[in-house]
Visitor: 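First, the structure itself, so that you have it in front of you.
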Amino acid sequence: MAQKTHYCGKLTIDYVNREVKLTGWVGKRRDHGGLIFIDLRDRSGQVQLVFDQRQGTELFTLAESLRSEYVIAVEGTVLRRSEETVNPSLPTGEIEVRVGSMEVLNTSKTPPFYIEDNINVDENLRLRYRYLDLRRPEMLRRLQLRHRAVKLIRDYMDRYDFLEVETPILTRSTPEGARDFLVPGRQQAGEFYALPQSPQLFKQLLMVSGIERYFQVVRCFRDEDLRADRQPEFTQVDIETSFFSMDNLFALTEGLVAGLWKELHGREIKRPFTKMPYQEAMNRYGTDKPDVRYGMELVGLDEQAGKSEFKVFKSALENGGAVKGLRLPGGSRLSRKDLDDLTLLARQFGAKGLAWAYVESEGWRSPISKFFDEAVIKEINTKMEAETGDVLLFVADRWHISCTVLGHLRTKFAPANLQEEPHFLWVVDFPLFHYNEEEQRYDSDHHPFTAPREEDMPLLDSDPLSVRAKAYDLVLDGVEIGGGSMRIHDSSTQAKIFGLLGLSEEEGREKFGFLLEALTYGAPPHGGIALGLDRLIALLSGDDSIRQVIPFPKTATASCLMTGAPSAVSDQQLEELRIKIEAKKEDK
RNA sequence: GGAGCUGUGGUGUAGUUGGUUAACAUAUCGGCCUGUCAAGCCGAAGAUCGCGGGUUCGAGUCCCGUCAGCUCCGCCA
């Protein structure tokens with residue numbers, strides 16, 4: 001049978017009386033004895049086929065044999081449905097196709113779940129039979145959304161003279177950052193390639209090459225534990241520019257993202273996006289990716305805590321820490337048990353404990369109220385805008401912990417019905433370093449190629465932890481959707497940073513020598529950003545997990561239920577690579 | 001590495017304080033049926049209750065272990 005002439009879902013009243021050839025899959029079948037209705041589905045949607053016994057028994061017998069997911073090709077006539085048989089809930093509901101001839105191209109086993117939207121099936125099954133899952137219209141729509149987003153991105157970047165350049169997938173393992181996926185080399189048996197965590201070094205080298213404006217829609221790999229918004233392989237929209245100021249880059253990114261939301265979500269996004277320093281984000285929201293759609297901001301209580309007799313608070317302050325408070329409006333509905341559970345939760349987030357107080361008309365009902373003068377309690381109530389019926393939570397610890405613990409608790413008590421208007425936010429002025437307690441040294445907060453702010457350069461020697469970086473994250477309603485920085489473009493500053501990170505000159509040369517060398521050959525000032533494409537698509541489609549917008553995702557244990565990857569390999573393969581597998585350690 | 005939740009016909013669920021034959025819906029198969037679109041009516045088949053061990057006269061149910069999926073903490077420059 002010849003190629004199809006039309007897509008099922010595109011047939012409308014305009015095609016009445018036309019002869020059409022259609023191909024697709026058998027969906028629902030309604031067999032009335034002498035009359036059979038078939039919903040024929042293809043990529044575009046579905047249309048109702050009609051088989052009438054009175055029009056010939058041979059075709060009708062064939063129609064009776066049709067089952068779910070059989071693949072068929074039909075020729076027939078588009079007919080207007082009579083008024084009372086119109087189905088207003090279908091785009092093709094005003095017409096149907098009276099079939100004149102049919103070929104069964106393939107049969108099908110009964111699928112393990114329904115091929116329709118809004119199914120409630122174990123994700124196990126969907127992943128094992130992902131090719132069937134992707135037949136469902138809602139999954140197809142996600143693939144289409146993703147396609148359109150990527151096309152918009154490529155068109156936008158092209159319009160601004162950006163060049164898409166491919167970078168290696170087999171590359172070199174570098175220290176720092178996430179755990180690498182390693183690929184054993186055969187020609188250099190015993191040595192390994194790494195899959196890129198991002199094309200970071202290559203895109204900087206492309207700037208040295210004079211590309212000036214680079215982008216790539218690129219797969220990245222990180223061998224870390226998974227989450228709803230983290231897969232071991234994921235896609236970034238990777239961007240790097242030369243001679244761009246931070247503001248240039250922000251404007252470019254905002255235009256890109258706002259364009260996606262306008263075209264794919266029908267929403268005008270106000271620009272420029274708000275900017276918030278990291279310190280402020282932490283102090284007010286207890287996270288570097290704040291959801292600013294609701295208040296419940298953290299309150300700094302160092303001054304008031306200092307006036308108390310509560311040892312926990314005082315010693316936290318004496319050790320240079322901070323006391324922070326979070327007000328739970330109407331928290332009095334929480335039981336003592338609820339607060340105990342919250343305390344456990346706070347411990348999981350790293351706090352040593354959680355102090356709390358029920359706000360009542362006479363004062364606080366709290367195990368710690370005895371350590372506070374009435375005046376101080378009043379002061380705290382005022383500062384936290386506490387009202388009778390609230391519960392106040394306090395954490396006293398190192399500043400970072402006090403903030404993040406309450407930040408986590410804040411999100412737990414987020415209002416249920418948050419407005420849908422998206423709030424994009426730049427978080428800026430990240431610290432260049434943080435202190436790695438385990439290894440007793442500084443670590444890059446972003447990555448080791450991030451430029452410090454010029455005015456903070458002198459602090460590199462005196463107080464490295466207070467040096468601010470030219471680094472930024474793009475945040476949407478509590479989700480980090482991208483991040484980047486301006487890079488160091490002179491080799492002496494880069495060598496200095498490596499030094500502070502505890503990389504000896506030799507190690508720096510060994511691991512990154514090619515970059516240091518490149519920086520000596522006229523490297524332009526440059527910087528960039530990477531956006532998490534999977535997260536962007538999930539936000540656009542309203543999904544909680546990026547698995548929904550990745551055609552073939554991995555499970556929480558990083559395995560693929562369809563292919564069974566990862567899997568054992570043959571002894572011969574291992575021998576070629578000179579790899580020996582150690583027996584699993586038995587518990588003794 | 002850690003915590004929590006889930007696992008019962010193909011699928012989604014129910015299953016009481018441990019007690020006879022594991023229930024319901026849907027899908028599947030067969031019959032009837034010419035205007036359905038969640039088609040309808042009648043009938044049939046379909047489960048070693050994730051897996052292993054234990055307690056018990058007796059385990060889907062209680063205990064221990066284990067596997068898988070999901071969510072979170074740690075981790076993710």
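To find a chain, count down the sequence lines: A is the first, B the second, and so on, and within it residues start at 1. Everything numeric here is computed off the predicted structure, so don't read it as measured data.
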Visitor: For A:Thr557, answer base if it contacts any base atom (sugar-phosphate contacts may also be present), sugar-phosphate if it contacts only those atoms, and nothing otherwise; contact means non-hydrogen atoms under 4.0 Å.
Guide: sugar-phosphate

Visitor: Are A:Glu480 and A:Arg230 close enough for a salt bridge, meaning some N to O gap below 4.0 Å?
Guide: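 No.
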
Visitor: Please report the C-alpha distance between A:Leu334 and A:Trp356 in whole Å, then the side-chain angles of each, then the deciding distance to 0.1 Å, and finally whether the side-chain contact (heavy atoms from CB on, under 4.5 Å) criterion is met.
Guide: CA-CA 11 Å; A:Leu334 296 174; A:Trp356 46 264; over 6 Å; no

Visitor: What's the closest nucleotide to the side chain of A:Leu127 if the choices are B:rC72, B:rG74, B:rC70?
Guide: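 Shortest atom-to-atom distance from the side chain points to B:rC70.
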
Visitor: Tell me whether A:His32 and B:rA39 count as stacked here, given that the ring centres must be under 5.5 Å apart and the planes must differ by less than 30 degrees.
Guide: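 Per 5.5 Å and 30° rule: yes, stacked.
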
Visitor: On a whole-Å scale, what distance lies between the P atoms belonging to B:rU34 and B:rU20?
Guide: 46 Å

Visitor: Among A:Arg547, A:Arg130, A:Lys554, which residue satisfies the salt bridge (Lys or Arg N to Asp or Glu O under 4.0 Å) criterion with A:Glu123?
Guide: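 Option passing the salt bridge (Lys or Arg N to Asp or Glu O under 4.0 Å) with A:Glu123: A:Arg547.
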
Visitor: Between A:Arg41 and A:Glu69, does any side-chain N to carboxylate O distance fall below 4.0 Å?
Guide: yes

Visitor: Can you tell me how far C1' of B:rC33 sits from CG of A:Asp52, to the nearest Å?
Guide: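 So the CG-C1' distance, A:Asp52 to B:rC33, works out to 14 Å.
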
Visitor: Taking atom C1' in both B:rU48 and B:rC41, compute the distance separating them and give it to the nearest angstrom.
Guide: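 Between the two C1' atoms, the distance is 35 Å.
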
Visitor: I'd like to know if A:Arg227 pairs up with A:Asp225 as an ion pair, taking the criterion as any Lys NZ or Arg NE/NH1/NH2 lying under 4.0 Å from an Asp or Glu carboxylate oxygen.
Guide: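 Result for this pair is no, no salt bridge flagged.
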
Visitor: Taking donor-acceptor contacts at under 3.5 Å, does the side chain of A:Arg230 reach the base of B:rC75?
Guide: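 A donor-acceptor contact between them is present.
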
Visitor: Could you tell me how far B:rU17 sits from B:rA39 if I compare only their C1' atoms? Round to whole Å.
Guide: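 One C1' to the other, the span is 45 Å.
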
Visitor: Can you tell me how far P in B:rC62 sits from the matching atom in B:rG7, rounded to whole Å?
Guide: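 About 11 Å, rounded to a whole number of Å.
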
Visitor: Can you say whether a donor on the side chain of A:Arg227 sits under 3.5 Å from an acceptor on the base of B:rG74, or the other way round?
Guide: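 Indeed, a donor on one side and an acceptor on the other fall under 3.5 Å apart.
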
Visitor: Base, sugar-phosphate or nothing for A:Glu123? Non-hydrogen atoms, less than 4.0 Å.
Guide: sugar-phosphate

Visitor: Within less than 4.0 Å of OP1 or OP2 of B:rU36, is there a side-chain N or O belonging to A:Thr85?
Guide: no

Visitor: Let me spell it out: for each of A:Gly350 and A:Gln53, pick the nucleotide of RNA chain B with the closest heavy atom. Which residue's pick is nearer the 5' end?
Guide: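 The residue closer to the strand's 5' end, by nearest nucleotide, is A:Gln53.
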
Visitor: Check the distance between B:rU71's P and A:Leu345's CG and give it to me in whole angstrom.
Guide: 18 Å

Visitor: Output the rounded distance in Å from CG (A:Leu226) to P (B:rC70).
Guide: 8 Å

Visitor: On RNA chain B, nearest-nucleotide positions of A:Glu64 versus A:Ser545: which is more 5'?
Guide: A:Glu64

Visitor: Rounded to the nearest Å, what distance is computed from the CG atom of residue A:Asp341 to the C1' atom of nucleotide B:rC72?
Guide: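 Between C1' of B:rC72 and CG of A:Asp341: 15 Å.
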
Visitor: Can a side chain N or O of A:Ser89 be found less than 4.0 Å away from OP1 or OP2 on B:rC37?
Guide: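 No, no such contact exists.
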
Visitor: Determine the contact category for A:Ile119: base if any of its heavy atoms lies under 4.0 Å from a base atom, sugar-phosphate if only primed atoms, P, OP1 or OP2 are that close, otherwise nothing.
Guide: nothing

Visitor: Between protein and nucleotides 24-32 of chain B, what N or O pairs are separated by less than 3.5 Å?
Guide:
from, atom 1, to, atom 2, distance (Å)
B:rU26, O2', A:Tyr114, OH, 2.6
B:rA27, O4', A:Tyr114, OH, 3.3
B:rC29, OP1, A:Arg67, NE, 2.8
B:rG30, OP2, A:Arg67, NH2, 3.3

Visitor: Could you check, using the six-membered ring where one of them is a Trp, whether A:Phe430 and A:Tyr472 have ring centers closer than 6.0 angstrom?
Guide: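 Between A:Tyr472 and A:Phe430, which both carry aromatic rings, the centre distance is not below 6.0 Å.
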
Visitor: Is the closest basic N to carboxylate O distance between A:Asp473 and A:Lys289 below 4.0 Å?
Guide: no

Visitor: If you only use heavy atoms from C-beta on, which nucleotide in B:rU36, B:rC76, B:rU34 is closest to the side chain of A:Phe37?
Guide: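 Between B:rU36, B:rC76, B:rU34, the one nearest the side chain of A:Phe37 would be B:rU36.
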
Visitor: When you check the phosphate oxygens OP1 and OP2 of B:rG69, does a side-chain N or O of A:Arg547 lie under 4.0 Å from one of them?
Guide: no

Visitor: Determine the Euclidean distance between corresponding C1' atoms of B:rC49 and B:rA44; express it in Å to zero decimal places.
Guide: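 So the two C1' atoms sit 23 Å from each other.
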
Visitor: Is a donor-acceptor contact shorter than 3.5 angstrom present between the side chain of A:Arg98 and the base of B:rG35?
Guide: yes

Visitor: State which residues pass salt bridge (Lys or Arg N to Asp or Glu O under 4.0 Å) with A:Asp338; sequence neighbours excluded, sorted by chain then number.
Guide: none

Visitor: How far, in whole Å, is B:rC42 from B:rA27 if one measures between their P atoms?
Guide: 14 Å

Visitor: Between B:rA3 and B:rU11, how many Å separate the two C1' atoms, rounded to a whole number?
Guide: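 Straight-line distance between the two C1' atoms is 31 Å.
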
Visitor: Could you work out the separation of B:rU16 and B:rG12 based on their C1' atoms and round it to a whole Å?
Guide: 22 Å

Visitor: The side chain of A:Asp225 is closest to which nucleotide in this list: B:rU34, B:rC72, B:rG1?
Guide: B:rG1

Visitor: OP1 or OP2 of B:rC70 less than 4.0 angstrom from a side-chain nitrogen or oxygen of A:Asn124, does that happen here?
Guide: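 No.
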
Visitor: Show each protein N/O and nucleotides 41-47 of chain B N/O combination with a separation under 3.5 Å, one pair to a line.
Guide:
none

Visitor: Going by modelled atom types, is there a donor-acceptor pair between the base of B:rC76 and the side chain of A:Arg222 at under 3.5 Å?
Guide: no

Visitor: Contact class for A:Glu84 (heavy atom, under 4.0 Å): base, sugar-phosphate, or nothing?
Guide: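 Nothing, no nucleic acid heavy atom in range.
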
Visitor: Does the plane of the ring in A:Tyr131 sit parallel, tilted or perpendicular to the ring in A:Tyr129? Use 30° and 60° as the thresholds.
Guide: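 Plane angle over 60°, so perpendicular.
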
Visitor: Under 3.5 Å for both donor-acceptor distances, Watson-Crick or wobble: does B:rG7 have a partner, and if so which one?
Guide: B:rC67

Visitor: Are the charged groups of A:Asp456 and A:Arg468 less than 4.0 angstrom apart, N to O?
Guide: yes

Visitor: If you only use heavy atoms from C-beta on, which nucleotide in B:rG69, B:rU34, B:rC76 is closest to the side chain of A:Ser559?
Guide: B:rG69

Visitor: Would you check, one step at a time, whether the test salt bridge (Lys or Arg N to Asp or Glu O under 4.0 Å) holds for A:Asp39 with A:Arg30?
Guide: CA-CA 9 Å; A:Asp39 291 333; A:Arg30 293 174 293 280; 3.0 Å; yes

Visitor: Tell me: CD of A:Glu96 to C1' of B:rG35, nearest whole Å?
Guide: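 From A:Glu96 CD to B:rG35 C1': 8 Å.
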
Visitor: Taking atom P of B:rG2 as reference, at what distance in whole Å does atom CZ of A:Phe349 sit?
Guide: 19 Å

Visitor: Whole-Å distance between B:rG1 C1' and A:Gln348 CD?
Guide: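 Checked: the CD to C1' distance equals 14 Å.
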
Visitor: Which heavy atom of A:Val405 sits nearest a heavy atom of A:Phe349, and at what distance?
Guide: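 So the two residues come closest at CG2-O, 3.8 Å.
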
Visitor: Can you tell which of B:rC37, B:rC75, B:rA68 lies closest to the side chain of A:Leu561?
Guide: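 So the nucleotide nearest the side chain must be B:rA68.
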
Visitor: Classify A:Asn87 by what it touches in the nucleic acid, base, sugar-phosphate, or nothing, heavy-atom distance under 4.0 Å.
Guide: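 Counting heavy atoms under 4.0 Å across all strands, the contact made by A:Asn87 includes a base.
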
Visitor: Check this one for me: any side-chain N or O of A:Arg30 less than 4.0 Å away from OP1 or OP2 of B:rA39?
Guide: yes

Visitor: Take the protein atom CG of A:Asn120 and the nucleotide atom C1' of B:rU6, then report the distance between them rounded to whole Å.
Guide: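 Distance check: A:Asn120 CG to B:rU6 C1' gives 12 Å.
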
Visitor: Between the side chains of A:Arg179 and A:Glu224, is the shortest nitrogen-to-carboxylate-oxygen separation below 4.0 Å, so that they form an ion pair?
Guide: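 Between A:Arg179 and A:Glu224 there is a salt bridge, with a charged N closer than 4.0 Å to a carboxylate O.
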
